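Everything below concerns the one structure shown next.
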2 protein chains.
Amino acid sequence: MSGLDQTDLAILRILAADATRSAAEIGRSVGIGQSAAWRRIRKLRESGILGGRRVVVDNAALGFGVTVFLGVRLAAKGRTSLDEFERAVTAIPEVQTVQHVLGQFDYRLRIIARDISDFERILRRRIMTLPGVGQVEANVMLSEERLPGPLGTLG
Amino acid sequence: MSGLDQTDLAILRILAADATRSAAEIGRSVGIGQSAAWRRIRKLRESGILGGRRVVVDNAALGFGVTVFLGVRLAAKGRTSLDEFERAVTAIPEVQTVQHVLGQFDYRLRIIARDISDFERILRRRIMTLPGVGQVEANVMLSEERLPGPLGTLG
DNA sequence: GTTGAAAATCCGGTCAT
DNA sequence: ATGACCGGATTTTCAAC
């Protein structure tokens, strides 16, 4: 199905850590030529395994020092409730991620605020007034560490 | 403090969406030349606002179709408990993100599994056996939407 | 499947305004 | 601060193996 060999996985591992590496450099690292490495990378992009490149923006440096995760349980959850909630929540500027989940909550939100009192304003004025919101649970982020994930040990 | 003008914010917005855009192209989009755009981008990097570039890897295409968020509450939380837990949890290959948080839970984990039964194995064999684990809450992700966040409306 | 090379593009820096 | 220019590196294509 996937048709990925060890070389492809090695390339993915390198690019996942640092997308600025050149095709020539990657080729040297995995033992193939620059042209071959570039063609493999293009194929990974075309097959959808490799998506777009994103820069990491330091929100704290922009004045947004507080990140809060919010579990939201809807009071009623028909189809229109989900659609309405999603449409309203994606319109809030401070909401960075909306995850539809299964379990104790229906949605998990990643929210960026300038400080705690700014977060309180967002919570009271924007979140609690959303259509159909029931139980809400907040967790303030202290630190975050991203790991290579399964890619690091695949193959 | 930050000293960012509208042009800098526009550049950040463009790069946050797609890091492959060239300095010349970005310059055209925001109404300045290639050299000026490149200088601003370098300054944003040097000031730490702009971090490294990362590629987006489609985990489902690699055979990991299930993403689960796990809230973990530690039984005892002295300094050694936190250190021990973090060291053990970062060694689990399927753990993609470790967030130290404040609130009902102490840690939030993003876990990637091949399927639900694979996740059950990870939960029972790897997570529940971690040192000091108390209450655990799981949410299976159905869909995820990333938004521009505060950057989209800043300025 | 691979390599090597040529053309187009981009980066990074210098200079003058 | 800005735009113009330039050498070197990189990307991308293409011919050949």
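These numbers were taken from a predicted model, which means no experiment stands behind them. Below, chains carry the letters A, B, ... as their sequence lines are ordered, and counting in each starts from 1.
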- request: Measure from NZ or CZ of Arg108(A) to the centre of the six-membered ring of Phe69(A), then state whether that distance is under 6.0 Å and the direction lies within 45° of the axis.
  value: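 Checked: cation-pi criterion not met.
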message: Taking the six-membered ring of Phe105(A) as reference, does the cationic atom of Arg73(A) (NZ for Lys, CZ for Arg) lie under 6.0 Å from its centre and within 45° of its axis?
response: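 Negative - Arg73(A) is either too far from the ring of Phe105(A) or too far off its axis.
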Expressed as a whole number of angstroms, how long is the span from [X]:[atom1] to [N]:[atom2]?
X        : N       : atom1 : atom2 : result
Lys43(B) : dG13(C) : NZ    : C1'   : 15 Å
Ile32(A) : dG1(C)  : CD1   : C1'   : 11 Å
Gln6(B)  : dA1(D)  : CD    : C1'   : 17 Å
Ile26(A) : dA9(D)  : CD1   : P     : 18 Å
Glu25(A) : dC11(C) : CD    : P     : 16 Å

Residues [X] and [Y] bridged, charged N to O under 4.0 Å:
X         : Y         : value
Arg79(A)  : Asp83(A)  : yes
Asp18(B)  : Arg21(B)  : no
Arg110(B) : Glu144(B) : yes
Arg121(B) : Glu94(B)  : yes

- prompt: Given dC11(C), is OP1 or OP2 found less than 4.0 Å from the side-chain N or O atoms of Trp38(B)?
  reply: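 Answer no for this pair, as no side-chain N or O of Trp38(B) is under 4.0 Å from OP1 or OP2.
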task: Taking atom NZ of Lys77(A) as the centre, report whether more than 12 heavy atoms of other residues, nucleotides or ligands fall under 6.0 Å from it.
output: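 For Lys77(A), atom NZ is crowded (more than 12 foreign heavy atoms under 6.0 Å).
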Contact class for [X] vs. all strands (heavy atom < 4.0 Å): base, sugar-phosphate, or nothing?
X        : answer
Arg42(A) : sugar-phosphate
Arg21(B) : nothing
Ser35(A) : base

query: For DNA chain C, which residues in residues 7-15 of chain B have a heavy atom at a distance below 4.0 Å?
result: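 Under 4.0 Å from DNA chain C: no residue of residues 7-15 of chain B.
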query: Taking the nucleotide of DNA chain D with the closest heavy atom to each, which residue, Asp5(B) or Gln34(B), is nearer the 5' end?
result: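 Here Asp5(B) is the residue nearer the 5' end.
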message: Return whichever of Arg40(B) or Ser22(A) has its heavy-atom-nearest nucleotide of DNA chain D closer to the 5' end.
response: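 Of the two residues, Arg40(B) wins.
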Which nucleotide in dG12(C), dT11(D), dT2(D) has an atom nearest any side-chain atom of Ala36(B):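 Minimum distance to the Ala36(B) side chain belongs to dT2(D).
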- prompt: Taking N and O atoms by type only, does the side chain of Arg39(A) place a donor or acceptor under 3.5 Å from a partner on the base of dT12(D)?
  reply: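 Absent.
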